[in-house]
Amino acid sequence: HDLPALDGVRRSPTDRNTRNRTAMIGQSLEIRSASLSRPAGSMVFDTQMEAATITAIIGPSGAGKSTLLNIIAGFERPDSGRVLIGDIDVTFADPAERPVSFVFQENNLFSHLSVAVNVALGIRPRLTADPADRQQVAEALDRVGLANFEDRMPGTLSGGERQRVAIARALVRRRAVLLLDEPFAALGPRLRRDMLLLVKQLQAETGMTLLLVTHHPDDAVGIADRILFLSEGKSVACGPAAGFLQRTDVPGLQDYLGEDRK
């Protein structure tokens, strides 16, 4: 049973304290001429994201959207160039050393572990939690509309609920940057919209710097402060979300959107 994203997010007496504790953790992000060689050609990314903002990444299949997120997260290392989070160069840092959380399309939950344990693994990599950890887990689940789901198993949840668990795990990690690689692509239009609204709400509460890959341009406009357009392995343009899809000065953008958007 998928819960409504906004109306269904119940508030506990601890919510205000939770928001204060996590407020404004975002950091700026800069990718300086990060290049990566591939058999089909080289990819080059050069862009900046301000702290505590939402950037939606759009572009054709194969444009390099997931690759860009992987470079930021440290799963792939550029052949040249730099990746900076805040004023720290993390180009050669391991993924675990970066202040980054990643929510994938497949949510990456452990099917044999309860919802509570899956979320608690975002705090520290162990299967037991102390009272403070359990409190954080309960608060995070409450904030995504899954209060009292601690003992449920992932296999008993709907797709939307599983993604809420993945988001709760990202919340307890309290990282400065949150990357979402089409996490709601398999959901229906209404549930996808609700999940996007939930993400927007949580980002406003925490101040995380958020990057979202999406194949739905209208979703990008609805959630993002800025839109980054990639094409053929390059960052072509980045600008305010308002009016971005109407721009005619961005090479390849209108072809990507299609005739019905012109």
Side-chain angles (χ1 to χ4, degrees), residues 22 25-38 42-57 62-113 117-127 129 133 136-137 140 154 162-185 199 202-203 206-214 228 230 233 235:
T22 60
I25 63 173
Q27 294 184 20
S28 61
L29 179 63
E30 184 175 0
I31 297 90
R32 296 181 181 173
S33 302
S35 66
L36 192 66
S37 296
R38 289 290 173 82
S42 63
M43 294 184 171
V44 181
F45 305 105
D46 205 334
T47 190
Q48 299 180 47
M49 290 84 175
E50 295 181 6
T53 58
I54 300 176
T55 299
I57 304 174
K65 301 183 293 296
S66 295
T67 300
L68 175 58
L69 294 193
N70 286 336
I71 288 174
I72 295 169
F75 300 140
E76 296 191 65
R77 186 165 292 170
D79 301 321
S80 62
R82 289 289 181 265
V83 178
L84 289 87
I85 299 178
D87 57 355
I88 304 299
D89 188 332
V90 299
T91 308
F92 301 104
D94 291 335
E97 298 173 339
R98 304 185 185 207
V100 174
S101 290
F102 208 135
V103 176
F104 301 88
Q105 184 173 339
E106 295 301 323
N107 62 66
N108 282 13
L109 301 183
F110 294 97
S111 61
H112 63 293
L113 300 178
V117 175
N118 267 284
V119 175
L121 287 173
I123 303 173
R124 51 181 58 87
R126 67 185 188 191
L127 299 182
D133 292 346
Q136 285 191 60
V137 169
R162 287 192 293 272
Q163 288 296 35
R164 287 172 185 267
V165 174
I167 292 170
R169 183 168 58 193
L171 285 176
V172 299
R173 297 194 72 211
R174 298 192 66 240
R175 296 293 193 262
V177 177
L178 175 60
L179 309 177
L180 300 113
D181 193 0
E182 297 189 79
F184 314 129
V199 166
L202 294 173
Q203 186 277 336
T206 62
M208 290 183 293
T209 303
L210 191 150
L211 281 72
L212 168 73
V213 168
T214 178
L228 170 63
L230 304 184
S235 47

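- In terms of modelled atom types and a separation under 3.5 Å, the side chain of Ser28 and the main chain of Glu50 share no donor-acceptor contact.
- Taking Asn70 as the reference, Phe75, Glu76, Phe102 meet the side-chain contact (heavy atoms from CB on, under 4.5 Å) condition, with sequence neighbours excluded.
- Between Val103 and Pro183, the closest heavy-atom pair is CG1-CB, 3.9 Å.
- Residues meeting the salt bridge (Lys or Arg N to Asp or Glu O under 4.0 Å) test with Asp46, sequence neighbours left out: none.
- One finds the CG atom of Leu228 at 11.5 Å from the CG atom of Leu212 (value rounded to the nearest 0.5 Å).
- Here the side chains of Phe45 and Thr67 are in contact, with some heavy-atom distance below 4.5 Å.
- To the nearest 0.5 Å, the span separating CZ on Phe104 from CG on Leu69 amounts to 9.0 Å.
- Leu211 and Met49 get closest at one heavy-atom pair: CD2-CE, 3.5 Å.
- Under the 4.5 Å side-chain criterion, counting only non-hydrogen atoms from C-beta, Asn118 is in contact with Pro154.
- Between Arg98 and Phe92 the shortest heavy-atom distance is NH2-N, 4.3 Å.
- Annotation: side chain to side chain donor-acceptor pair (under 3.5 Å) contacts of Thr91 (sequence neighbours excluded): Asp89.
- Asp94 is linked by a side-chain contact (heavy atoms from CB on, under 4.5 Å) to Arg77, Glu97, counting only residues two or more places apart in sequence or in another chain.
- A 4.5 Å side-chain heavy-atom check between Met43 and Leu68 finds every atom pair outside the cut-off.
- Of all heavy-atom pairs between Ala73 and Leu179, the closest is CB-CD1, 3.9 Å.
- The two residues Ala168 and Ala140 have their closest heavy-atom pair at O-CB, 3.8 Å.
- In terms of the side-chain contact (heavy atoms from CB on, under 4.5 Å) criterion, residue partners of Glu182 (sequence neighbours excluded) are, by chain and number, Gln105, Ala185, Val213, His215.
- Rounded to the nearest 0.5 angstrom, Ile123 CD1 and Gln136 CD are separated by 4.0 Å.
- Side-chain contact between Ile54 and Val199: absent, with no pair of heavy atoms (C-beta onward) separated by less than 4.5 Å.
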Could you go through Leu178 and Gln203, starting from their C-alpha distance and side-chain angles, then the distance that decides it, and tell me whether this counts as side chain to side chain contact (heavy atoms under 4.5 Å, CB included)?
CA-CA 9 Å; Leu178 175 60; Gln203 186 277 336; over 6 Å; no
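- Scored by the side chain to side chain donor-acceptor pair (under 3.5 Å) test, Ser101 finds Arg173 as partners (sequence neighbours excluded).
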Derivation of the side chain to side chain contact (heavy atoms under 4.5 Å, CB included) call for Leu171 and Met208
CA-CA 9 Å; Leu171 285 176; Met208 290 183 293; 4.1 Å; yes
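- From Leu180, atom CG reaches atom CG of Leu210 across 5.0 Å, with rounding to the nearest 0.5 Å.
- For the atom pair Leu29 CG and Thr47 OG1, the distance stands at 8.0 Å (nearest 0.5 Å).
- Between Leu84 and Arg32 the shortest side-chain heavy-atom distance falls below 4.5 Å.
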Go through the steps to decide whether Gln27 and Ile88 satisfy the test side chain to side chain contact (heavy atoms under 4.5 Å, CB included), and finish with yes or no.
CA-CA 10 Å; Gln27 294 184 20; Ile88 304 299; 5.6 Å; no
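- In this structure, Val44 and Ser35 approach most closely via the heavy-atom pair CG2-CB, 4.0 Å.
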